[in-house]
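Both ligands and their constituent atoms are indexed starting at 1 by order of listing.
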Amino acid sequence: MAAPVLDPEAEHSMDIILVGSSELPSPRPARPRRDLIAHEVKVNQRDIEDLCICCGSFQVHTRHPLFEGGMCAPCKDKFLECLFLYDDDGYQSYCSICCAGETLLICENPDCTRCYCFECVDTLVSPGTSGRVHTMSNWVCFLCLPFPRSGLLQRRRKWRAGLKAFYDREAESPLEMYKTVPVWKREPVRVLSLFGDIKKELMSLGFLENGSEAGTRRHLDDVTNVVRREVEDWGPFDLVYGSTPPLGRAFDRPPGWYLFQFHRILQYARPRPGSQQPFFWMFVDNLVLSEDDRAVATRFLETDPVTVQDAHGRTVRNAVHVWSNIPAVRSRHSAVVSQEELSLLAQDRQPPAQSPAALVKNCFLPLREYFKYFSAELTSCL
Ligand SMILES: [Zn+2]
Ligand SMILES: [Zn+2]
Ligand SMILES: [Zn+2]
């Protein structure tokens with residue numbers, strides 16, 4: 001994701017001008033001010049699409065995908081970065097309007113995970129609204145309310161499609177984003193897991209219901225003789241998970257075998273080309289793949305891996321490489337661990353505190369936008 005880059009030279013020369021002209025009014029253009037949004041729209045009759053509702057800037061780059069109003073380029077980048085970020089409590093980490101993380105109001109619709117910052121609510125709805133909402137019980141948010149308008153905040157029609165269009169247009173990721181699914185259409189996720197199991201993790205996130213998992217989950221340890229017909233018969237699946245064997249378990253195959261088999265079965269499980277059905281996959285390497293294998297994985301799976309780590313202070317106790325098309329895996333885990341550190345870790349790892357599946361558990365949280373979940377009680381271990 002491209003972050004805005006400040007030219008250090010430009011900064012420097014600007015400083016010199018400022019120092020030399022201390023009695024003159026600053027030549028710097030006025031900082032965008034959010035508190036002027038209401039004035040601009042109501043008094044100066046400015047179209048709300050012509051200003052950034054996230055920061056008040058007039059340098060509009062695009063339309064805000066969820067609410068009427070514009071968005072400047074830096075706010076667009078921030079929004080894309082935070083779009084699918086969830087906290088361990090299962091709620092989104094940032095404000096659904098401006099993507100800032102300061103004091104947040106949480107939507108209490110049990111099927112919604114969205115949050116809003118005080119400033120957005122006070123600026124765009126009306127001053128003092130955040131305080132009132134804060135004392136309310138059972139507040140539901142601007143995307144869940146039956147009426148589309150609150151003050152200047154007007155929900156866009158068909159915002160789910162709008163969100164997808166926004167992502168497809170603005171994100172640099174080669175991976176497709178699926179349109180999020182409205183609550184009444186969400187079904188339980190159907191999972192195929194290979195080698196490593198994620199039953200426990202999906203259960204604790206509320207994606208699998210206790211006792212009634214028939215038809216929604218299949219786990220395979222040996223896939224040597226599995227053919228396309230069988231996978232098609234067992235399916236359809238919404239999520240295919242695979243991993244190299246966990247540490248301490250003898251593996252009877254070379255590490256690359258797990259990758260090839262995962263890739264083979266993944267092709268059988270994929271929906272037909274052009275299908276709009278949300279379909280997710282994840283392959284986790286428990287640091288046993290060679291550098292060449294990893295390069296092959298990146299080529300086959302058509303995305304770069306992310307390193308997810310279990311760190312205790314500055315000590316990395318365990319780490320895995322993750323290839324996945326689940327949204328936000330990339331922005332959530334931008335851990336910088338050097339390759340040397342990782343190979344040292346791989347050499348003398350003790351049985352780790354967290355299994356690979358536990359390490360990647362919270363990467364599944366964005367699936368809440370697509371599938372039914374049975375329990376909101378999250379017992380996170382990250
Ligand atoms: Zn902005
Ligand atoms: Zn906000
Ligand atoms: Zn809501």
Side-chain angles (χ1 to χ4, degrees), residues 2-4 29-38 40-41 46-87 89-131 133-134 136-156 159-160 163 166 170 180-184 186 366 368-370 373 376:
R31 270 178 148 278
R33 285 182 49 190
R34 295 196 74 191
D35 52 329
L36 293 181
I37 292 179
E40 283 295 332
V41 174
R46 186 183 281 268
D47 186 340
I48 196 161
E49 303 286 357
D50 293 336
L51 51 81
C52 174
I53 56 169
C54 309
C55 73
S57 162
F58 297 154
Q59 312 286 320
V60 167
H61 165 84
T62 185
R63 287 156 40 118
H64 195 288
L66 305 178
F67 298 98
E68 287 188 0
M71 211 178 205
C72 70
C75 288
K76 178 264 300 177
D77 289 340
K78 201 161 76 168
F79 191 90
L80 278 174
E81 186 94 356
C82 303
L83 187 53
F84 279 100
L85 283 185
Y86 282 75
D87 276 341
D89 60 7
Y91 285 98
Q92 296 201 338
S93 313
Y94 297 95
C95 170
S96 287
I97 302 171
C98 71
C99 283
E102 310 275 306
T103 342
L104 296 172
L105 300 165
I106 292 173
C107 176
E108 287 180 61
N109 173 356
D111 296 309
C112 182
T113 53
R114 295 192 172 270
C115 301
Y116 297 80
C117 76
F118 280 29
E119 201 190 334
C120 276
V121 171
D122 287 338
T123 319
L124 297 168
V125 181
S126 63
T129 302
S130 64
V133 168
H134 199 52
M136 269 164 79
S137 51
N138 297 320
W139 175 73
V140 298
C141 82
F142 310 105
L143 291 173
C144 296
L145 281 170
F147 44 92
R149 174 178 283 282
S150 312
L152 296 178
L153 204 55
Q154 166 99 33
R155 174 168 78 223
R156 288 205 193 272
W159 59 268
R160 288 182 193 279
L163 194 63
F166 174 87
E170 306 288 347
T180 60
V181 177
V183 177
W184 62 91
R186 288 181 200 161
R368 289 192 142 201
E369 296 276 348
Y370 297 93
Y373 53 91

Q: Look at the side chain of R155 and the backbone N and O of R149, then say whether any donor-acceptor pair between them is shorter than 3.5 Å.
A: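 Flag not set: sc R155 to bb R149 has no pair under 3.5 Å.
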Q: In terms of relative ring orientation, are F67 and H64 parallel, tilted or perpendicular, with 30° and 60° separating the classes?
A: tilted
Q: Can you list everything that forms a side chain to side chain contact (heavy atoms under 4.5 Å, CB included) with P182? Sequence neighbours excluded, please.
A: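 Scan of P182 (side chain to side chain contact (heavy atoms under 4.5 Å, CB included), adjacent residues dropped) gives R160, W184, K185.
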Q: Kindly assign one of parallel, tilted or perpendicular to the pair Y370 and F84, based on the angle between their ring planes and the thresholds 30° and 60°.
A: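 Answer is parallel, since the angle falls under 30°.
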Q: Less than 2.8 Å from the Zn ion (ligand 2) is the window; count the protein N, O or S atoms in it.
A: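 Number of qualifying protein atoms: 4.
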Q: Identify which one of C120, C117, S130 satisfies the side chain to side chain contact (heavy atoms under 4.5 Å, CB included) criterion when paired with L104.
A: C117
Q: Kindly give the heavy-atom pair with the smallest separation between Y86 and P366, and that separation in Å.
A: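 In terms of heavy atoms, the two residues are closest at CE1-CA, 3.6 Å.
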Q: Does anything in residues 53-71 form a salt bridge (charged side-chain N to carboxylate O under 4.0 Å, His left out)? List the pairs, not counting sequence neighbours.
A: none
Q: What protein atoms of element N, O or S are positioned under 2.8 Å from the Zn ion (ligand 3)?
A: C107 SG, C112 SG, C141 SG, C144 SG
Q: Can you check whether L145 reaches S150 side chain to side chain, under 4.5 Å on heavy atoms?
A: yes
Q: Establish, from distance only, whether the side-chain atoms of R114 and S96 form a donor-acceptor pair under 3.5 Å.
A: yes
